[in-house]
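Please read all numbers here as calculations on a predicted model, not as lab measurements.
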Amino acid sequence: AGEYIDSLYDGSPILLVSILNGAFVFMADLCREVKVPCEIAFMAAKSYYEGTESSGNVEITMDLKHDISKYHVVVIEDIIDTGLTAKFLIDFINNNFQTKSTKFCSFLDKRIARKTDVKPDYYGFEMDDKFVVGYGLDYEGYFRNLDYIVYKK
C-alpha cells in the first residue's frame with residue numbers, strides 16, 4: 001500500500017490522518033511503508049450506536065490543530081462498514097479545510113453493510129459482515145493489541 005500511495009503523489013508531501021482509536025495500528029504500519037515526505041496527525045470521532053447499529057450521528061471529539069492546505073491528505077480508518085462515519089469525516093474535512101487533495105484509506109472494507117455510497121480510495125482487505133477485533137479494532141476497549149484479526153463464529 002505504501003508503494004501505491006508513493007506512486008500517486010510523486011514526491012509531494014502528504015499528511016496521514018489517523019482516526020482514533022481504531023486506525024492507529026494500521027496507520028503506524030502504513031506510514032513506515034510510505035517513502036514520500038509524510039507527516040501524521042490524529043482526529044477522533046465518536047459514532048453513536050443504537051444497540052450494535054450506528055445511528056448515523058457522528059461527533060468530532062478531537063479535531064486537526066494545524067493548517068493542512070499544503071498537503072495531500074489521506075484519512076485513515078480501521079474499518080468502513082455502514083459508511084456513515086466515513087461519509088461524515090470526508091464531508092467534514094472537505095467543508096472545513098482546504099487541502100491539495102483528500103483521499104480515504106481503510107484497513108477493512110465491509111461493503112455488504114454499506115448504507116451510503118461512500119467508497120474508500122484504497123483499502124487493505126474486503127470482508128464479510130462479521131464483527132472483528134484485533135489490529136486496532138476493539139470490543140468495549142479491549143483486544144486492540146492483538147496483532148491479528150479475529151471474529152466469533
Side-chain angles (χ1 to χ4, degrees), residues 1-2 4-9 12-31 33-34 36 38-141 143-144 149-151:
Y4 179 70
I5 289 173
D6 288 341
S7 74
L8 296 175
Y9 299 109
S12 297
I14 66 171
L15 177 67
L16 300 177
V17 178
S18 176
I19 305 302
L20 296 174
N21 286 337
F24 78 99
V25 175
F26 176 52
M27 201 265 291
D29 287 344
L30 182 62
C31 77
E33 296 297 319
V34 170
V36 296
C38 173
E39 289 189 41
I40 62 169
F42 298 90
M43 289 181 74
K46 181 177 181 179
S47 297
Y48 293 91
Y49 286 87
E50 298 165 355
T52 59
E53 287 289 314
S54 174
S55 68
N57 296 320
V58 181
E59 175 187 1
I60 299 296
T61 57
M62 186 174 84
D63 202 349
L64 295 169
K65 304 291 187 221
H66 61 285
D67 178 17
I68 62 172
S69 62
K70 65 182 179 180
Y71 298 100
H72 294 283
V73 173
V74 180
V75 178
I76 301 172
E77 259 285 32
D78 52 357
I79 187 169
I80 299 177
D81 45 29
T82 64
L84 297 171
T85 301
K87 181 171 180 11
F88 178 88
L89 290 167
I90 291 165
D91 290 346
F92 181 84
I93 288 175
N94 287 334
N95 292 329
N96 292 287
F97 298 97
Q98 293 289 330
T99 65
K100 287 187 173 183
S101 68
T102 304
K103 299 290 185 187
F104 203 86
C105 177
S106 182
F107 174 57
L108 298 173
D109 186 9
K110 192 189 300 187
R111 291 181 191 171
I112 196 166
R114 197 79 84 240
K115 293 182 178 178
T116 67
D117 63 352
V118 71
K119 295 177 187 162
D121 295 290
Y122 353 99
Y123 63 92
F125 303 95
E126 189 173 340
M127 63 172 286
D128 294 331
D129 194 14
K130 295 182 179 0
F131 184 83
V132 295
V133 297
Y135 197 69
L137 294 110
D138 74 306
Y139 175 72
E140 296 185 358
F143 309 111
R144 291 187 195 280
I149 300 290
V150 65
Y151 69 92

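When each of Thr82, Ile90, Asp91 is checked for a side-chain contact (heavy atoms from CB on, under 4.5 Å) with Val118, only Ile90 meets the rule. None of Lys100, His66, Glu39 except one satisfies the side chain to side chain donor-acceptor pair (under 3.5 Å) rule with Tyr71; the exception is Glu39. With Thr116 as the fixed residue, the side-chain contact (heavy atoms from CB on, under 4.5 Å) test singles out one of Thr85, Ile80, Leu84: Leu84.
With values rounded to the nearest 0.5 angstrom, Leu15 atom CG is found 10.5 Å from Asp67 atom CG. Distance check: Tyr122 OH to Lys103 NZ gives 6.0 Å after rounding to the nearest 0.5 Å. Distance check: Leu137 CG to Asn21 CG gives 11.0 Å after rounding to the nearest 0.5 Å. In this structure, CD1 on Ile76 lies 4.0 Å from CG on Leu16, to the nearest 0.5 angstrom. Taking CZ of Arg144 as the start and CG of Asp138 as the end, the distance is 3.5 Å to the nearest 0.5 Å.
Using the six-membered ring where Trp is involved, His72 and Tyr9 have ring planes that are tilted, between 30° and 60° apart.
Checked by atom type and distance alone, the side chain of Asp121 never pairs as donor or acceptor with a backbone atom of Cys105 at under 3.5 Å. Between the Arg114 side chain and the Asp81 main chain, a donor and an acceptor come within less than 3.5 Å of each other. Not a single donor-acceptor pair under 3.5 Å links the side chain of Asp128 to the backbone N or O of Lys130.
Nearest approach of Ser18 to Met27, heavy atoms of both residues: CB-CE, 3.5 Å. Minimum interatomic distance between Glu33 and Asp6 (heavy atoms only, all atoms of both residues): O-OD2, 4.0 Å. Summarising the geometry of Gly134 relative to Ile149, their closest heavy-atom pair is O-CD1, 3.4 Å, with the distance given to 0.1 Å. For Ser106 against Phe26, the heavy-atom pair with the smallest separation is C-CE2, 4.0 Å. In plain terms, the two heavy atoms of Ile40 and Cys31 that are nearest each other are CG2-CB, 4.4 Å. Here the closest non-hydrogen pair linking Leu64 and Phe42 is CD2-O, 4.0 Å.
A ring-centre distance under 6.0 Å is found for Phe107 and Phe125.
Environment of CD in Gln98: sparse, with no more than 12 heavy atoms of neighbouring residues, nucleotides or ligands closer than 6.0 Å. Annotation for Phe131: atom CZ counts as buried by contact number, over 12 foreign heavy atoms lying within 6.0 Å.
Side chains of Val132 and Lys110 form no contact here, defined as non-hydrogen atoms less than 4.5 Å apart. Here the side chains of Met127 and Tyr151 are not in contact, with every heavy-atom distance at 4.5 Å or above. Between Asp78 and Leu108 the shortest side-chain heavy-atom distance does not fall below 4.5 Å. Looking at Phe97 and Phe92, their side chains come closer than 4.5 Å, going by heavy atoms from C-beta outward. At a threshold of 4.5 Å between non-hydrogen side-chain atoms, the residues Leu30 and Ile5 count as touching. Contact annotation: the side chain of Met43 approaches that of Ile93 to within less than 4.5 Å [non-hydrogen atoms, C-beta and beyond].
In this structure, a donor-acceptor pair under 3.5 Å is present between the side chains of Tyr135 and Asp29.
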Might you work through the side-chain contact (heavy atoms from CB on, under 4.5 Å) test for Phe88 and Ile60, ending with a clear yes or no? CA-CA 9 Å; Phe88 178 88; Ile60 299 296; 3.7 Å; yes

